[in-house]
2 protein chains.
Amino acid sequence: MPAVETVTGATASWDLYERGCPSRDLLDRIGDKWSILVLGELGEHGRSRFTELRNRVSGVSEKMLTQTLRALESDGLVLRTVHATVPVRVEYELTDLGQTLRAPLRALTEWSLQHTDEVLAARAAYAARAEHGA
Amino acid sequence: MPAVETVTGATASWDLYERGCPSRDLLDRIGDKWSILVLGELGEHGRSRFTELRNRVSGVSEKMLTQTLRALESDGLVLRTVHATVPVRVEYELTDLGQTLRAPLRALTEWSLQHTDEVLAARAAYAARAEHGA
DNA sequence: TGGCCAACTTACCAAGAGGTGGCTACTTAC
DNA sequence: GTAAGTAGCCACCTCTTGGTAAGTTGGCCA
């Protein structure tokens, strides 16, 4: 089974294809719909406030945004700073660890933007084939 | 920005941060837990049979595997070939479009494998902080 | 005749995702 | 006095996700 060495800094070898692998869980978390968008936003715009994120990530509910930000914070990807000013101001930004995720995530989002046409066409063709067969 | 040439020749510009954007849906589909693993497997091992995939992607149920493969097929990422041999043999492989996803996906899975330690440590620290605060 | 294989498909059910709306505390502005 | 704004939390409720398990198809072998 996956040999894991923690705090000591020894190497851990994990297998994504094994159930219960923590890397698999992590992958699932960062592959989450809202996580990708929030991380992308923070990557592009830098430090942002809660309402800015809510407005820029269209369609996210406050609950989901809070939940997503909390998870990212607990994973060490996002830093949350509370300013004790008079209307309370909270700012979010990527941590160093979060920064390292920018490139992989951007690769994925760019792929998505660039190949949406092809995928849409493929779906239409697939649907047509299915209808023809039925 | 995302200016894409469609079949008709018209340019479509999509914004991931807009609700209902097809690219966002697509991102969600390929960011799916099982999709990532299945695509990864097909990328590494090449053409594979149903049961091979089921065995190699530990923990996936037949239902989910079928569902995932169907979605990937309809999206034009995976090619499904049925051999009318005696016990029916079905093989799956990446299409050309699917191949273009390998690099972005590998970037993500490698990130995940490489940073699991740090994330686990961050979670522990966060939990400790929360406990201390409570 | 009966059972077996692959690759599903379907029915059923529990858990969780995620939306809505109300509540908070604090202060400034009307 | 009251409304508004910030950054949430909480309870409630619904809809989806996804797991389990059983059925199916269709030649073939004993």
Side-chain angles (χ1 to χ4, degrees), chain A residues 17-21 24-25 27-38 41-42 45 47-75 78-93 126 129-130 133-134, chain B residues 19-20 24-25 27-38 41-42 45 47-74 78-93 126 129-130 133-134:
Chain A
Y17 301 101
E18 278 306 316
R19 70 206 309 172
C21 168
R24 191 197 266 197
D25 291 348
L27 193 52
D28 206 26
R29 296 258 301 245
I30 61 182
D32 171 70
K33 174 185 171 119
W34 299 125
S35 296
I36 294 180
L37 294 178
V38 167
E41 261 297 323
L42 289 177
H45 284 78
R47 188 182 309 141
S48 303
R49 304 182 54 174
F50 184 83
T51 35
E52 287 173 341
L53 289 172
R54 190 194 56 199
N55 294 334
R56 289 206 292 253
V57 178
S58 160
V60 68
S61 69
E62 298 197 340
K63 178 184 164 181
M64 276 301 102
L65 184 53
T66 304
Q67 212 169 93
T68 303
L69 286 167
R70 285 290 174 283
L72 295 176
E73 190 197 357
S74 115
D75 286 356
V78 159
L79 179 65
R80 177 173 181 264
T81 313
V82 182
H83 300 268
T85 57
V86 162
V88 180
R89 193 158 57 96
V90 181
E91 289 182 326
Y92 295 92
E93 62 193 305
Y126 184 87
R129 257 178 289 144
Chain B
R19 70 203 312 169
R24 190 196 268 196
D25 291 349
L27 192 53
D28 207 26
R29 297 259 299 246
I30 60 182
D32 172 71
K33 174 185 171 119
W34 299 124
S35 296
I36 294 180
L37 294 178
V38 167
E41 261 297 322
L42 289 176
H45 285 78
R47 188 182 308 140
S48 303
R49 302 184 55 175
F50 185 83
T51 35
E52 287 173 341
L53 289 172
R54 191 194 53 200
N55 295 335
R56 287 205 293 253
V57 179
S58 159
V60 68
S61 67
E62 298 197 340
K63 176 183 163 183
M64 274 302 100
L65 184 55
T66 306
Q67 213 169 91
T68 302
L69 286 167
R70 284 288 176 283
L72 295 176
E73 189 196 358
S74 116
V78 160
L79 179 66
R80 177 173 181 264
T81 314
V82 182
H83 300 267
T85 57
V86 162
V88 180
R89 192 159 57 95
V90 181
E91 288 181 327
Y92 296 92
E93 62 193 303
Y126 184 88
R129 256 178 289 144

* Of the candidate nucleotides D:dT6, D:dT20, C:dA7, which contains the atom at the shortest distance from the side chain of A:Arg49? -> D:dT6

* Given atom CH2 of A:Trp34 and atom C1' of C:dA17, what is their separation to the nearest angstrom? -> 12 Å

* Structure fact -> Here the distance between atom C1' of D:dT16 and atom CE of A:Met64, to the nearest Å, is 13 Å

* Asked: To the side chain of B:Lys63, which of D:dC12, D:dT6, D:dG19 is closest?
  -> D:dG19

* Below 4.0 angstrom from OP1 or OP2 of C:dG19, is there any side-chain N or O of A:Ser61? -> yes

* Asked: Between D:dG5 and A:Thr51, is there an OP1 or OP2 to side-chain N/O distance shorter than 4.0 Å?
  -> no

* Could you check how far CD of A:Gln67 sits from C1' of C:dG16, rounded to whole Å? => 10 Å

* **Residue mapping more 5' on DNA chain C - nearest nucleotide basis, B:Arg54 or A:Asp32** => B:Arg54

* Structure fact -> Separation between OH (A:Tyr17) and CG (B:Leu37), nearest 0.5 Å, reads 6.0 Å

* To do: Using a 4.0 Å heavy-atom cut-off across all strands, classify A:Glu62 as base, sugar-phosphate, or nothing.
  => base

* Look up atom CZ in A:Phe50 and atom CZ in A:Arg89, then write down how far apart they are to the nearest 0.5 Å. => 15.5 Å

* Structure fact -> Picking from D:dG19, C:dC8, D:dG8, the nucleotide nearest the side-chain atoms of B:Arg70 would be C:dC8

* A:Leu53 CG to D:dA7 P, straight-line distance once rounded to whole Å -> 10 Å

* Rounded to the nearest Å, what distance is computed from the NE2 atom of residue B:His83 to the C1' atom of nucleotide C:dC8? -> 16 Å

* **Distance-only donor-acceptor check, side chains B:Arg56 and B:Ser48, under 3.5 Å** => yes

* Looking across every strand, which nucleic acid part, if any, lies under 4.0 Å from A:Arg89 by heavy atom: base, sugar-phosphate, or nothing? -> sugar-phosphate

* To do: May I ask you to decide if B:Thr51's main-chain N or O and B:Asn55's side chain share a donor-acceptor pair within less than 3.5 Å?
  => yes

* Asked: DNA chain D: A:Val88 or A:Thr66, which has the more 5' nearest nucleotide?
  -> A:Val88

* To do: To the nearest Å, give me how far apart NZ (A:Lys33) and C1' (C:dA17) are.
  => 12 Å

* **Whole-Å distance separating the CG atom of B:Leu65 from the C1' atom of C:dT9** => 14 Å

* Asked: Atom CD of A:Glu91 and atom P of D:dT6: how far apart are they, to the nearest Å?
  -> 14 Å

* Look at the side chain of B:Phe50 and decide which nucleotide, out of D:dG8, C:dC8, C:dG19, has an atom nearest to it. => C:dC8

* **Side chain of A:Arg80 (C-beta onward), nearest among C:dC8, C:dT20, D:dA7** => D:dA7

* Asked: Can you check side-chain contact (heavy atoms from CB on, under 4.5 Å) on B:Leu53 and B:Glu41, steps first, answer last?
  -> CA-CA 7 Å; B:Leu53 289 172; B:Glu41 261 297 322; 4.0 Å; yes

